[in-house]
Amino acid sequence: MPRNGSGAPADLSVSYRKQPELGTGRWSAGPTAALVYSKGPWFTGVLAYTSCPFAGSRSRGSVNQTYVEGEVSYNFEDGWYVDCDPPMTFDWTADAANGWTIPIGADVGKAFSMGSQAMGLQVGAYDLVKRPDGAPQWIIRVQLTALFPTGR
């Protein structure tokens, strides 16, 4: 039976950091939209949001960023999965040539239990085919997630 859904919550970003270069120094918020579809072992979806500043240190500059993440994944019966969900961003405060960050790559992961807690661990590599000047050429992502299945 296919499952699908959508949502339109809000995004709130809080910049807490001890090192100034690791954060924006601004509080940001904006609209969010999500659309998902699942049938059998396949899952697809898209998440998008835009963040604009409303508080924080004005001396740190503006934050105006759009985030779009499309996802396609295939889930195997033993808990392993392969997935492509590149986190694309556009910085509206940058010039057009440096605004986009577009990665291409894939992840592999495994769902498992740690005691009574369902967990997921994934590792992926992405080449940044479009990126701002001075940005890295590629990224490696390692993610550990606590899962809360609904049992539907």
Side-chain angles (χ1 to χ4, degrees), residues 1-57 60 63-91 99-132 134-152:
M1 184 69 147
R3 291 188 203 177
N4 55 40
S6 61
D11 166 57
L12 174 65
S13 299
V14 178
S15 182
Y16 172 79
R17 81 270 178 249
K18 290 187 178 191
Q19 300 295 323
E21 56 275 355
L22 296 179
T24 63
R26 307 293 302 266
W27 287 59
S28 303
T32 300
L35 182 63
V36 298
Y37 178 80
S38 177
K39 183 175 181 181
W42 290 97
F43 176 87
T44 59
V46 65
L47 169 67
Y49 63 82
T50 295
S51 292
C52 299
F54 65 88
S57 174
R60 295 295 306 273
V63 177
N64 189 345
Q65 206 169 50
T66 297
Y67 177 92
V68 178
E69 182 177 344
E71 179 174 3
V72 175
S73 65
Y74 185 86
N75 299 285
F76 298 96
E77 289 186 23
D78 60 357
W80 286 95
Y81 61 90
V82 291
D83 154 295
C84 179
D85 61 340
M88 296 173 278
T89 59
F90 185 76
D91 182 351
W100 282 104
T101 301
I102 302 176
I104 300 226
D107 300 277
V108 63
K110 173 107 170 108
F112 61 95
S113 293
M114 187 178 291
S116 63
Q117 178 63 58
M119 304 290 289
L121 176 65
Q122 76 179 43
V123 177
Y126 287 81
D127 182 34
L128 300 179
V129 295
K130 178 74 176 138
R131 63 191 184 283
Q137 172 67 47
W138 52 273
I139 57 173
I140 292 177
R141 175 169 64 181
V142 177
Q143 182 174 317
L144 179 65
T145 307
L147 304 172
F148 301 96
T150 61
R152 290 189 221 168

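The structure presented is a predicted model; accordingly, all values stated were derived computationally and were not measured.
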Identify the two heavy atoms, one from [X] and one from [Y], that lie closest to each other, and give their separation to 0.1 Å.
| X | Y | value |
| --- | --- | --- |
| C52 | N64 | SG-OD1, 3.6 Å |
| Q117 | L147 | NE2-O, 2.8 Å |
| W138 | D127 | CB-CA, 4.1 Å |
| Y81 | Q122 | OH-OE1, 2.8 Å |
| G70 | P86 | O-CD, 3.6 Å |

Under a 3.5 Å cutoff, is there a donor and acceptor pairing between the side chains of Y67 and Q65?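 Judged by distance alone, the side chains do not pair up.
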Do the non-hydrogen side-chain atoms of [X] and [Y] ever get within less than 4.5 Å of each other?
| X | Y | answer |
| --- | --- | --- |
| P132 | T101 | yes |
| T66 | V68 | yes |
| P103 | M88 | yes |
| D85 | R141 | yes |

Test side-chain hydrogen bond (donor to acceptor under 3.5 Å, both in side chains) applied to D107 and Y126, step by step: CA-CA 9 Å; D107 300 277; Y126 287 81; 2.5 Å; yes
Can you tell me if N75 uses its side chain to pair, donor with acceptor, with the backbone of P41 under 3.5 Å?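 Present.
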For the side chain of K130 and the backbone of G99, is there at least one donor-acceptor N/O pair under 3.5 Å apart?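 Such a contact is absent between K130 side chain and G99 backbone.
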At what distance, to the nearest 0.5 angstrom, does [atom1] of [X] lie from [atom2] of [Y]?
| X | Y | atom1 | atom2 | result |
| --- | --- | --- | --- | --- |
| I139 | R131 | CD1 | CZ | 12.0 Å |
| Q143 | L121 | CD | CG | 9.0 Å |
| F90 | I102 | CZ | CD1 | 10.0 Å |

Salt bridge (charged side-chain N to carboxylate O under 4.0 Å, His left out): which pairs involve residues 28-37, sequence neighbours left out?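 For residues 28-37, and leaving out neighbouring residues, there are no salt bridge (charged side-chain N to carboxylate O under 4.0 Å, His left out) pairs at all.
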Residues in ring-ring contact (aromatic ring centres under 6.0 Å, His included) with F76, at least two apart?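 Once residues adjacent in sequence are excluded, the partners of F76 under the ring-ring contact (aromatic ring centres under 6.0 Å, His included) criterion are Y74.
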